[in-house]
Amino acid sequence: NAGVTQTPKFQVLKTGQSMTLQCAQDMNHNSMYWYRQDPGMGLRLIYYSASEGTTDKGEVPNGYNVSRLNKREFSLRLESAAPSQTSVYFCASSGVKSELAVYEQYFGPGTRLTVT
Amino acid sequence: AQTVTQSQPEMSVQEAETVTLSCTYDTSESNYYLFWYKQPPSRQMILVIRQEAYKQQNATENRFSVNFQKAAKSFSLKISDSQLGDTAMYFCAFMNLYGGSYNQGGKLIFGQGTELSVKP
């Protein structure tokens, strides 16, 4: 059981380049999320998808786009990378822990992105 | 808008001792979850403990327990018998539920984190 997987693990971009971060989950979760983590600021929500076919902006959406490709996959795209987007990016998925009927959020291993 | 505040950027504790990490939050919602996540140097986010707002009993998971004060909007984490492997960044998080319902999930809002060092 892989849980939440992200690719790539590391990436270096030049200012103005574009790239897509990939995320997949195998837990049949309805909701998926993209966060960024910067020093001293915790994790901040970029975009989320509450269910397949829907996406919504989070706290810091500017400069990003997302696609919920299917129930398993949720990608994050940087169209024109800027140095301010240097960060660690986490994908997460959320679903009910059936035996307890409570929601938990599970995280991927993260992508360290540097924009020069 | 909901906010989560962790006022202790760094803390240290001797191995085998007890430490408490503080967290306060602000919300007008009555239904929500609260979580503590641990992030070791590997940067993997690991769920430590969860509390549903409607439950009066404080959650416990082995050496980890919380003190949930709903009226005061406080959610502290106590780590007993601290171990070297507890060294990590700890994040408090508030789950803003979709539609205010416990059975639909929600969005997480994180505090700034507390870096905990356990010393031998």
Side-chain angles (χ1 to χ4, degrees), chain A residues 2-6 9-10 23 25 27-52 54-61 87-113, chain B residues 1-10 21 23-25 31-55 57 59 61 88-115:
Chain A
V4 180
T5 57
Q6 291 181 235
K9 287 188 167 49
F10 300 93
C23 174
Q25 53 93 7
M27 295 174 282
N28 199 35
H29 286 167
N30 286 326
S31 300
M32 297 186 73
Y33 311 81
W34 278 105
Y35 295 89
R36 60 178 288 173
Q37 182 179 21
D38 302 301
M41 299 190 75
L43 280 75
R44 292 182 293 169
L45 184 63
I46 304 171
Y47 270 93
Y48 68 101
S49 172
S51 61
E52 188 179 358
T54 68
T55 60
D56 285 286
K57 295 178 180 179
E59 183 183 354
V60 288
S87 189
V88 178
Y89 291 85
F90 286 95
C91 178
S93 70
S94 176
V96 66
K97 199 167 183 177
S98 59
E99 66 273 21
L100 298 175
V102 295
Y103 265 83
E104 293 184 359
Q105 199 160 119
Y106 298 86
F107 286 81
T111 296
R112 183 175 293 278
L113 175 66
Chain B
Q2 291 86 358
T3 58
V4 178
T5 301
Q6 294 178 249
S7 58
Q8 305 152 315
E10 298 176 355
L21 280 58
C23 174
T24 59
Y25 60 95
N31 294 335
Y32 49 88
Y33 288 105
L34 293 162
F35 301 89
W36 279 97
Y37 281 89
K38 169 185 177 181
Q39 187 180 44
S42 67
R43 81 171 179 234
Q44 180 69 46
M45 294 289 287
I46 301 166
L47 178 64
V48 174
I49 200 164
R50 173 194 61 245
Q51 175 81 43
E52 292 92 319
Y54 68 86
K55 289 189 175 179
Q57 187 172 6
E61 288 286 344
M89 182 73 85
Y90 287 81
F91 291 99
C92 177
F94 171 98
M95 181 176 274
N96 188 1
L97 298 173
Y98 302 137
S101 169
Y102 279 106
N103 62 3
Q104 296 182 47
K107 302 180 291 181
L108 283 179
I109 300 163
F110 285 86
Q112 305 91 325
T114 296
E115 188 165 7

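All values below were derived from every heavy atom in this structure, side-chain atoms included, with hydrogens, water molecules and symmetry-related copies excluded.
- With a 4.5 angstrom heavy-atom cutoff, Arg112(A) touches chain B via backbone and side-chain atoms both.
- When each of Glu59(A), Gln37(A), Arg44(A) is scored by its heavy-atom pairs under 4.5 Å with chain B, the top score falls to Gln37(A).
- Highest contact tally toward chain A, considering only Glu115(B), Arg43(B), Met95(B), is held by Arg43(B) [criterion: heavy-atom pairs under 4.5 Å].
- Interface residue Leu45(A): only side-chain heavy atoms are found under 4.5 Å from chain B.
- Considering only heavy atoms from C-beta on, Met89(B) comes within 4.5 Å of Phe91(B) through its side chain.
- Between the side chains of Tyr35(A) and Gln105(A), a donor-acceptor pair is found at a separation under 3.5 Å.
- Asp38(A) and Ser87(A) share a side-chain donor-acceptor pair at under 3.5 Å.
- No part of Gln6(B) comes within reach of chain A, as not one of its non-hydrogen atoms sits under 4.5 angstrom from that chain.
- Nearest heavy-atom pair across Val4(A) and Gln25(A) is CG2-CB, 4.1 Å.
- Interface remark: Leu47(B) contributes side-chain atoms only to the contact with chain A (heavy atom separation under 4.5 Å).
- The aromatic rings of Phe107(A) and Tyr37(B) stand perpendicular to each other, their planes meeting at an angle above 60°, with 30° marking the opposite boundary.
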